[in-house]
**Student:** 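Shown below is the structure under consideration.
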Amino acid sequence: MTRRPIIAGNWKLNKLVGEAVDTVEDVKIKLMDCSKEEMPVVVFCPVFTTLQAVSNVLEHGKGLYLGAQNCYWEESGAFTGEVSVSMLKDLCVSYVVVGHSERRQYFSETDEMINKKAKAVLSGGLIPIICCGETLEQREQGITDEFVAGQIRAALKGLSEEEIAKSAIAYEPIWAIGTGKTCDSAEANRVIKMIRGVVAEVSSQDAADKIRILYGGSVKASTIEEQMSMSDIDGALVGGASLEAEGFAQIVKGTMLARAK
Ligand code: PGA
């Protein structure tokens with residue numbers, strides 16, 4: 001089963017319109033001579049206020065896609081400050097990060113809310129990148145697998161086999177996010193395999209074979225080749241290293257190199 005890798009840049013709360021556009025233009029130039037067939041799906045997830053401008057400079061359908069960092073599950077109505085899936089679709093957004101640990105931690109998002117968001121994203125025809133991952137404390141207590149499996153079961157509740165097959169999951173151990181401490185590749189692969197097993201159990205083996213499961217947490221140009229050479233790692237959700245065009249383009253190229261081996 002070959003799964004097309006996804007390299008998604010999560011810009012978090014960074015970049016004004018001009019900066020966002022400049023970065024994308026720069027990445028486009030750096031990836032210009034890459035074969036579109038061999039390129040992973042490259043996703044830029046800028047802040048809401050820059051989505052329109054980034055959308056204007058992306059070449060949709062040529063391997064570069066627009067992602068949002070969050071969404072709300074209701075379509076419209078009295079929900080001050082929220083953005084719905086159809087509004088994202090209106091700007092040509094294709095992917096939506098759902099349940100990032102920062103959303104869970106700082107904005108009190110629960111498994112139930114994340115499940116509603118994943119459902120709304122899929123009903124709107126977009127692809128969710130559903131995040132999961134344990135804290136350092138949970139890892140030290142030896143409850144990583146149980147905790148992450150629980151997050152996945154809750155996030156996928158009520159989704160059809162077909163919906164799950166086209167979704168993406170990002171395994172991001174919280175202790176590895178923004179810390180410079182990447183999770184050992186073999187260990188990340190082990191947890192991702194475990195997640196795939198959970199997907200098979202709650203859905204089907206076919207959905208488990210098709211769903212793309214990314215690794216996230218201090219991914220950089222120097223780590224991506226080893227990560228992408230693992231059997232079950234289907235790409236990366238990149239924070240800090242996606243802010244700068246050169247580093248991000250190197251990550252995309254490293255993914256292609258690892259896959260060509
Ligand atoms: P990082 O962030 O690459 O800066 O660790 C990853 C993420 O939060 O998605």
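Indexing begins at 1, ligand by ligand and atom by atom, following the structure's order.
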**Student:** Counting only heavy atoms closer than 4.0 Å, does ligand 1 sit against the backbone of Ala176, its side chain, both, or neither?
**Tutor:**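 Just the backbone.
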
**Student:** If you count the atoms of ligand 1 from 1 in the order shown, which ones are under 4.0 Å from a heavy atom of Ser218?
**Tutor:**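 Those qualifying, in numeric order: 1 (P), 3 (O), 5 (O).
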
**Student:** Are Glu187 and Arg139 close enough for a salt bridge, meaning some N to O gap below 4.0 Å?
**Tutor:**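 A salt bridge links Glu187 with Arg139.
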
**Student:** Check contact between Gly217 and ligand 1, using heavy atoms of the residue and a distance below 4.0 angstrom.
**Tutor:**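 Right, Gly217 reaches ligand 1.
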
**Student:** Among all protein non-hydrogen atoms, which one is nearest to atom 4 (O) of ligand 1, and what is the separation to 0.1 Å?
**Tutor:**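 Residue, atom and distance for the closest contact: Gly240 N, 2.8 Å.
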
**Student:** Measure the distances from the heavy atoms of Ala170 to every atom of ligand 1 and state whether one is below 4.0 angstrom.
**Tutor:**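 Heavy atoms of Ala170 never come under 4.0 Å of ligand 1.
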
**Student:** Is there a heavy atom in Ala241 that sits closer than 4.0 Å to ligand 1?
**Tutor:**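 Heavy atoms of Ala241 never come under 4.0 Å of ligand 1.
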
**Student:** Run the contact test for His100 against ligand 1 with a 4.0 Å cut-off on heavy atoms, strictly below, and give the result.
**Tutor:**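 Under 4.0 Å: yes for His100.
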
**Student:** Using only atom types and a distance under 3.5 Å, with no angle test, would you say the side chain of Ser204 pairs donor to acceptor with the backbone of Ala200?
**Tutor:**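 The answer is no, because no donor-acceptor pair under 3.5 Å joins these two groups.
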
**Student:** How far is atom 9 (O) of ligand 1 from the closest protein heavy atom, and which atom is that?
**Tutor:**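 Residue, atom and distance for the closest contact: Glu172 OE2, 2.6 Å.
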
**Student:** For the backbone of Gly9 and the side chain of Ser242, can you confirm whether one donor and one acceptor N or O come within less than 3.5 Å of each other?
**Tutor:**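 Not a single qualifying donor-acceptor pair exists.
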
**Student:** What part of Asn10, side chain from CB on, backbone N/CA/C/O, both or neither, has a heavy atom under 4.0 Å from ligand 1?
**Tutor:**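 The side chain, only.
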
**Student:** What atoms of ligand 1 come closer than 4.0 angstrom to any heavy atom of Gly178?
**Tutor:**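 Near Gly178, meaning under 4.0 Å from one of its heavy atoms, ligand 1 has 1 (P), 4 (O), 5 (O).
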
**Student:** Considering heavy atoms of the protein only, find what lies nearest to atom 3 (O) of ligand 1 and give residue, atom and distance to 0.1 Å.
**Tutor:**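 Protein heavy atom at minimum distance: Gly239 N, 2.8 Å.
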
**Student:** Hey, what's the ring geometry for Trp11 with Phe44, parallel, tilted or perpendicular (30° and 60° as the breaks)?
**Tutor:**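 Taking Phe44 first and then Trp11, their aromatic rings stand perpendicular (interplane angle over 60°).
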
**Student:** So, taking the atom named CD1 in Ile251 and the one named CE in Met256, what distance separates them when rounded to the nearest 0.5 Å?
**Tutor:**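 One finds 14.5 Å between CD1 of Ile251 and CE of Met256.
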
**Student:** Taking salt bridge (charged side-chain N to carboxylate O under 4.0 Å, His left out) as the cut-off, I'd like each qualifying pair that reaches into residues 6-20, sequence neighbours left out, listed once.
**Tutor:**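 Qualifying pairs, neighbours excluded: Lys12-Glu102.
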
